[in-house]
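Both counts, for ligands and for their atoms, begin at 1 and track the order of listing. Position 1 is the first residue of the sequence, and the numbers go up from there.
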Amino acid sequence: MDLSSLQHRRILLGVSGGIAAYKACELTRRLRQAGAEVRVTLTANAARFVTPLTFQALSGHPVRAELWDETAEMGMGHLELARWAQRIVIAPASADVVAKLAHGFADDLLTTLCLASDAPLAIAPAMNHRMWRHAATQANIETLRARGAAILGPDDGALAEGESGPGRLMEPEDLALALAQLENAARTGGKLAGLHVVVDAGPTYEDIDPVRFLGNRSSGRMGFAVAQAALDAGARVTLVAGPVHLPAPQGAERIDVRSAREMRDAVLAAVADADIFIAAAAVADWRAETASAHKLKKGRGPETLALAQNPDILAEVAALDRKPFVVGFAAETEDLERNAREKLARKKLDLVAANEVGADRGIDTQDNALHLYWNGGEQALARAPKRELAGRLIERIAALHASQRGNR
Ligand code: C5P
């Protein structure tokens, strides 16, 4: 994992109350391991879950939890701490802290530091899924994002109360990576700044009747990770998503579709002003020739299902007169390079990201490995979490796109 952009960065980590506070310990450790200097401040509620002493040991610095602390003010005063920080990260950020920051409250040390600092803010929310979805929280998050804060997560999954939904704090390793990507983007001015990137993701469902469909096992994770990485690189992102159970990356425009034909229409509309199109969807190649309006009855249904070919979205985009930089995926079970290069040429693509799929590889998995092919080059991206791979893929796309533009 490439966390080198975190080296020597001065990061102020604000920990607010919630059971996820324990993950902030691991985050502190990972940031320090990556060479960052970390100072931690806890809210009063956070200190009920994890002690300041834990963070003191992990960060190597005294931890402040209160605004009015005379001894601490004699060391590094709170305004000095606010100036010291090159980045403020709040992980976990409770609904309460998010609300306070959105409205400019400064009634404890953490919120005061945020208000008194010019450092860019990264917020990793963690809360119950109803609190996350609440209109008040969503409005507060939008306010913060519009003001330039990076919103990291939350993840979708099991929550502390035994429920499930969006609201989990991102895993520390993913948070560290996301922060590294932010530092990277800040340093480079965002490799895709000013560009419009369209990503399609997930499976498509082709209805046979009102209750049955043809589909596939794609989870959409790779495409969603690619959309996130493009956002991190400063792009405006449109994400055309088939039926998946994933929260959209904050800041992406999400268009939900079901069938290949719906996906095609949404993609063609979105790419009209796009610079880059990344086809990460597992589009169903065939659909039922006729979808029955009524549920087919057992015994009276057709014995064979007549299929019709679906449009090839990727090939259609690549054939446009004013075509964006086009990236296709190739999932192969054998002969990776030959098949990928054939696809590059036949569909007139700019880049193919190929992976071997099998029982435990590629589809519906957390990890993936990719091999990139383009005219005149190739690059192997070793097995890694999809978020990390997506960052590397976007770096390569940005470099090729820039050199193509330079050659025009
Ligand atoms: O030819 P193959 O299906 O292997 O190509 C895979 C690539 O083409 C993927 O990027 C996929 O998103 C895209 N594709 C598409 N429309 C289809 C089939 C595949 O956009 N109908």
Any donor-acceptor N or O pair under 3.5 Å, side chains [X], [Y]:
X	Y	answer
Thr112	His78	no
His134	Arg130	no
Gln228	Arg387	no
Glu163	Asn128	yes

Shortest protein heavy-atom distance from [atom], along with the residue and atom involved:
atom	answer
atom 7 (C) of ligand 1	Phe329 O, 3.0 Å
atom 18 (C) of ligand 1	Asp285 OD1, 3.5 Å
atom 12 (O) of ligand 1	Ala281 O, 2.7 Å
atom 16 (N) of ligand 1	Ile313 N, 3.0 Å
atom 20 (O) of ligand 1	Leu314 N, 2.8 Å
atom 17 (C) of ligand 1	Val283 CB, 3.5 Å
atom 2 (P) of ligand 1	Lys343 NZ, 3.3 Å
atom 14 (N) of ligand 1	Asp312 OD1, 3.9 Å

* To do: State the atoms of ligand 1, each with its element, that fall below the 4.0 Å cut-off from a heavy-atom position in Gly328.
  => 10 (O)
* Does ligand 1 have any atom sitting under 4.0 Å from a heavy atom of Lys347? -> yes
* Structure fact -> On a heavy-atom basis, the closest approach of Arg168 and Leu159 is N-CD2, 3.5 Å
* Closest contact, heavy atoms only, Leu239 versus Pro249 -> CD2-CD, 3.7 Å
* Under 3.5 Å, N or O to N or O, is Ala282 touching ligand 1 that way? -> no
* Asked: Take atom CZ in Arg261; do more than 12 heavy atoms of anything else shown fall under 6.0 Å from it?
  -> no
* Nearest option to atom 10 (O) of ligand 1, as decided by whichever heavy atom of Pro311, Ala279, Ala284 sits closest -> Ala279
* To do: Between Ala331 and ligand 1, find which residue part has any heavy-atom pair under 4.0 Å and reply side chain, backbone, both or neither.
  => neither
* Aromatic ring pairing Tyr373/His371, orientation class (parallel under 30°, perpendicular over 60°, tilted between) -> parallel
* Asked: If you draw the axis of the six-membered ring of Phe213, does the NZ or CZ of Arg258 fall within 45° of it and under 6.0 Å from the ring centre?
  -> yes
